[in-house]
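Data block below; observations after.
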2 protein chains.
Amino acid sequence: MVQKLSPIREQTRTVVRSLLARTAFELFSAKGYDATTVDEVAAAAGVSRRTLFNYFRTKEDLALSGLSEQGEMIAARFAQRPAREDAWTSLRAAFHVLEEIESSPDRRLEVVTLLFGNESLRAGHAEKQARWQDLLSPLVEQRLKASDHRAFEARAITATAITCLQVAFHEWVQLRGRVDVFDLYDRALRAVRPSA
Amino acid sequence: MVQKLSPIREQTRTVVRSLLARTAFELFSAKGYDATTVDEVAAAAGVSRRTLFNYFRTKEDLALSGLSEQGEMIAARFAQRPAREDAWTSLRAAFHVLEEIESSPDRRLEVVTLLFGNESLRAGHAEKQARWQDLLSPLVEQRLKASDHRAFEARAITATAITCLQVAFHEWVQLRGRVDVFDLYDRALRAVRPSA
DNA sequence: CAATCAGTTGCACGGAGTGCAGAAATGTGC
DNA sequence: GCACATTTCTGCACTCCGTGCAACTGATTG
């Protein structure tokens, strides 16, 4: 039963949600993810522990909720691309929304470093990005030539693109953001698909 | 301080370990992962809860420890391949050890279904397989032509191969094992690298 | 003002995981 | 066979995550 919320309720809800996510990030970033308890986050945000769990299913979600939204934004951007554009090209273009989300590059590096750096978060991080497949591969499927118009092939392509993006970000963190992450992405893809 | 164990100790240790993993799998498979408590596994194996945690770091490890070993076996097999063989070919051949591990195909399907089917396990599952990258990519790196002999490219290739394997297994579970998983793997790779 | 309704809170609970200290088992020298 | 050292097992108490429930708060509406 998903209740239709009044606009005002809905609005405050997203405000509180992002407040919580931001306070959480500050603490995680400062003290480390594992050393930060949910109670601390709740207290810092001036809300009860129980309420926090009303906004986020788990502590992990507190750190990773952003990834789900990013997935949706990427899918939305993909949908806007010209219908006859090559799937790989559209994917690359769609990934570019990531550059527009986090205000400064420094901030972006900080976020990604947290996600990659922490043992407990890595798994969830990888999985959330893997869920991008579910959003993107139906869209990719429509771009395939009729000759290989199959859901399975679309998923393989989508998964590979996402993986190359992950590899690129991984290296980007390693290099402390000193190179353009999309240059890395292109290098990764060229290594995998020399023809392209 | 990693203590050098006497051979006899070491041996009983691995025996107990695999006993625990097997009892755990039976219970997970029968009752579901989430509905099974660590205490139940310990009791069923005739060992105290505390001792179980001496053998496995987490409940998740109880279900996923096999994946780490598989990674090592794949790496070992890769190392045996002829030094001049193409990296993609060696990877495919190395993945084939997976066919040799689980006795029967039915059993294999059962295992993989558990890993893919459970929400709580999917993340860890994906991550453990992603760790295969760390084992394999140094080996892949040596196979690259000097012209693109770079660790980064090796990682991209390794990650892509593993991802295609995951996609193949995912579809394989969907189809309840009715097709050969390596046929799926080949289809996935062809979709990604039409040239090959 | 009273009734309602959503969101917040505290409380009690179960399960995962850990540190510690004592019991039990195992191995060694005599 | 016996005393001793060492490793392993175990129980206990504790923290933290996550959830169900019921009471509370504060707006909205009639």
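Source: prediction; values computed, not measured. Letters A, B, ... are given to chains in the order of the sequence lines, protein chains preceding strands, and every chain is numbered from 1.
Using a 4.0 Å heavy-atom distance criterion, Thr51(B) is classed as a base contact.
Between the side chain of Arg49(B) and the base of dG17(C) there is at least one donor-acceptor pair of N/O atoms closer than 3.5 Å. Residue side chain Arg50(B) reaches the base of dG19(C) through a donor-acceptor N/O pair under 3.5 Å, judged by distance alone.
A straight line from CG of Leu52(A) to P of dT19(D) spans 12 Å, rounded to a whole angstrom. Counting to the nearest Å, the P atom of dT8(C) and the CZ atom of Arg17(A) are 13 Å from each other. Rounded to whole angstrom, the span from the NZ atom of Lys59(A) across to the P atom of dT15(D) amounts to 16 Å. Straight-line distance from the CD atom of Glu10(B) to the C1' atom of dT26(C): 17 Å, rounded to whole Å. Distance CZ (Arg13(B)) to P (dT8(D)): 7 Å, rounded to an integer number of Å.
When side chains are defined from C-beta on, Arg193(B) does not count as touching Ser195(A), because their heavy atoms never get closer than 4.5 Å.
Distance from the side chain of Phe53(A) is smallest to dG18(D) among dG18(D), dT9(C), dC12(D).
Residues Gln129(B) and His125(B) bring a donor and an acceptor atom of their side chains to less than 3.5 Å of each other. Side chain to side chain, Ser104(B) and Asp106(B) fail the donor-acceptor criterion of an N or O pair below 3.5 Å.
Using modelled atom types, no side-chain atom of Arg187(B) and backbone atom of Glu153(A) make a donor-acceptor pair closer than 3.5 Å.
For Asn54(A) and dG7(C), the shortest distance from a side-chain N or O to OP1 or OP2 is not below 4.0 Å.
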